[in-house]
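Input: a single structure, listed below in structure tokens.
It should be emphasised that the depicted structure is a prediction, and the values quoted were computed from it without experimental measurement.
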Amino acid sequence: MTGAQGATRPPYGRAPARARAFAVASLGFAVVGGIAAAIRSQSTDNDWLAVFLLALPLSIAALYYGRHVETQVVDVDGDEADEAVARTSRRIAVAAIATSAALCLGLAIWSAWDGLQDVGDTFFSWENIKSSFPDVVEGFWLNIQIFIIAEILVLGWGLVVATMRRAPGRAAMPLRWFAVVYVDVFRGLPAIVTIYLVGFGLPLTSLPVVSNPDLSIDIGPFHLDQLACLGILALTLVYGAYVAEVYRSGIESVHWSQDAAARGLGLSRGQSLRFVVVPQAIRRVVPPLMNDFIGLQKDTALLNVLGVLEGFNIARIYAGNEFNLSAVTGLGICFLVITIPMTRFADYLVKRDQKRLQAAGG
Amino acid sequence: MALVEARGVVKRFGEQTVLDGVDLEVEPHKVVALIGASGSGKSTLLRCINGLEALDGGTIRVDGRSVLQDDIKLNRLRRDVGIVFQSFNLFPHMSVIDNVMLAPRKVLGVSKADAADRARWLLDRIGLADKADAFPDRLSGGQQQRVAIVRAMAMRPKVLLLDEITSALDPELVDEVLEMVTDLAHEGMTMILATHEMDFARDVADKVCFLHKGSILEEGPPAEIFGSPRHERTAEFLRRSLEGRSR
Ligand SMILES: Nc1ncnc2c1ncn2[C@@H]1O[C@H](COP(=O)(O)OP(=O)(O)OP(=O)(O)O)[C@@H](O)[C@H]1O
Ligand SMILES: [Mg+2]
């Protein structure tokens, strides 16, 4: 049947051969680029090498074309030899992609080499991190003290505000108004403005406690002077507003009939809150609460405007003296060590409780 | 003397008058079924009897005790009046047995051991003893409703209010719940139930009340109401609910 071969040409025509040629060309282009880069590596005038970056999109296109052709051949049950050619072209294209990706990466690192070294020196100087780290960590310990105390206060204060906002009856009207205004104001102000006003303003007044320069906290491992205490107060005011809203939405997210069911059983308003509504609300509240806490932890660095010698302030002083930011990088790592696990933990809690709380409808 | 006695009960939500002079008497050990179109005020009436809604007029007395909007007295009253809703009854963050034990422990001050004993006994009677430590999300809708009834019964209420407790259930789960209610009726539990299940109302109720536009238009023994309703509206309502069922 040799005569028939020439007469009937398959519908995909010479596409397999074209695909192979395309793949070989892109591989060749990438290899030439690689050789050129290697030869010219000592020269400074190398901008034209960027042309070879085109090898990457070319070889990707070759891969897709090869796949397309192979599909065509298989679809019409075409010649096995053609199928093999198409398959080979795909393999060559994969090799071309690998080569050209390596070439691109090499060229990128090479051309940015000096800059990258600068980046390494400026942000990640091991020497600098090492020498500043003890002081930075000591400063960061102050951040930790501040956010621990502030978080405890925020938990309580937020609940107070949320309760005020939900207080029933006409007599509680002023409480509700206070809560609304408070939340609006402190969520609306930039945290740094509140910190500035509280930290520098209150000592100028003759208000009891807060204007006393001897104000301090000395409990167990906690040692905080007046400025740090005022910083805590400011952070509590800011984050108390956020957390009050988190509580409120948490309580409101519990279906009203849960309260009705509890009250119907004879539980008092307080008991219903305590045993039924709040435990469910807490589970819903934890993730957004964690987020606010992470925000609070990060915002302890803002207290540097008051001159509190917390981690960022100390790292900043180092950075200024050494003309190098690695001390600040060290502080950044301190923050990440705390905030990343916390975020993960919040995600875990959400996952654990989600199903149970959602499923209990009917 | 009637165990539950409502006189001229009025309840408004804003402009809308939902209950417009309801009179209702429930004798001890009797079962009263409230029927009526959706929105006729059945749920509202039950919620008023339990003190979950404040009245705008009239009086309700349970066992001689007036349902006043005084928190302390209400908490006391609610011990005598159990209520089960259509859905969202169980507390999803507690195991089944904790659901049942909560009110006896916190309201009646029963010791943990005693409350647990009684809860297990009650759960055993409805064949759910093995689910005692499961959380509500592991139970079928029918099982959840039965636990909700058991939980109300754990307070040894004098009267039990059931608000369409089967209407959120899949049809095949309805019977197990209705059976349980029938058993309670045979044991002499006083109950008021709002229901769309006409057959059930006919079988279990001693008295059927037809609520229409916020008042009881007609009441009487089931045979009378279902057999020969006096009011055209009652007849029409019954006709419609029969049609609805056969569809
Ligand atoms: N908390 C509320 N606020 C405002 N309106 C309400 C409230 N509760 C009920 N209503 C209104 O009161 C009317 C009666 O409601 P209710 O739930 O008592 O009716 P129902 O007879 O139980 O109806 P269904 O058979 O659908 O349960 C409805 O029009 C409803 O919209
Ligand atoms: Mg209803």
Candidates A/Val254, A/Val277, A/Val276 - the one meeting side chain to side chain contact (heavy atoms under 4.5 Å, CB included) with B/Phe91 = A/Val276
Flag if over 12 foreign heavy atoms under 6.0 Å of CZ, A/Phe345 | no
Does atom CD of A/Glu252 have more than 12 heavy-atom neighbours, drawn from other residues, nucleotides or ligands, at distances under 6.0 Å?
-> yes
Atom CZ of A/Phe335 with >12 non-hydrogen neighbours under 6.0 angstrom | yes
Note: B/Arg47 and A/Trp256 closest approach over all heavy atoms is NH1-CZ3, 3.6 Å
Give a yes or no on this: more than 12 heavy atoms of other residues, nucleotides or ligands lie within 6.0 Å of atom NZ of B/Lys11.
-> yes
What one should report as the nearest heavy-atom pair of A/Gln271 and B/Lys106 is NE2-O, 3.0 Å
Does B/His93 use its side chain to pair, donor to acceptor, with the backbone of A/Phe275 at less than 3.5 Å?
-> yes
Sort B/Val81 into side chain, backbone, both or neither according to what part of it lies under 4.5 angstrom from a heavy atom of chain A.
-> backbone
Closest non-hydrogen atom pair between B/Arg78 and A/Arg263, with its separation | CD-O, 2.6 Å
Checking heavy atoms, do the side chain of B/Arg151, its backbone, both or neither come under 4.5 Å from chain A?
-> both
Work out which heavy atom in A/Ser257 is nearest to a heavy atom in B/Phe85; give both atom names and the distance.
-> O-CE1, 4.4 Å
Are the side chains of A/Leu265 and B/Ile83 in touch, meaning some heavy atoms are under 4.5 Å apart?
-> no
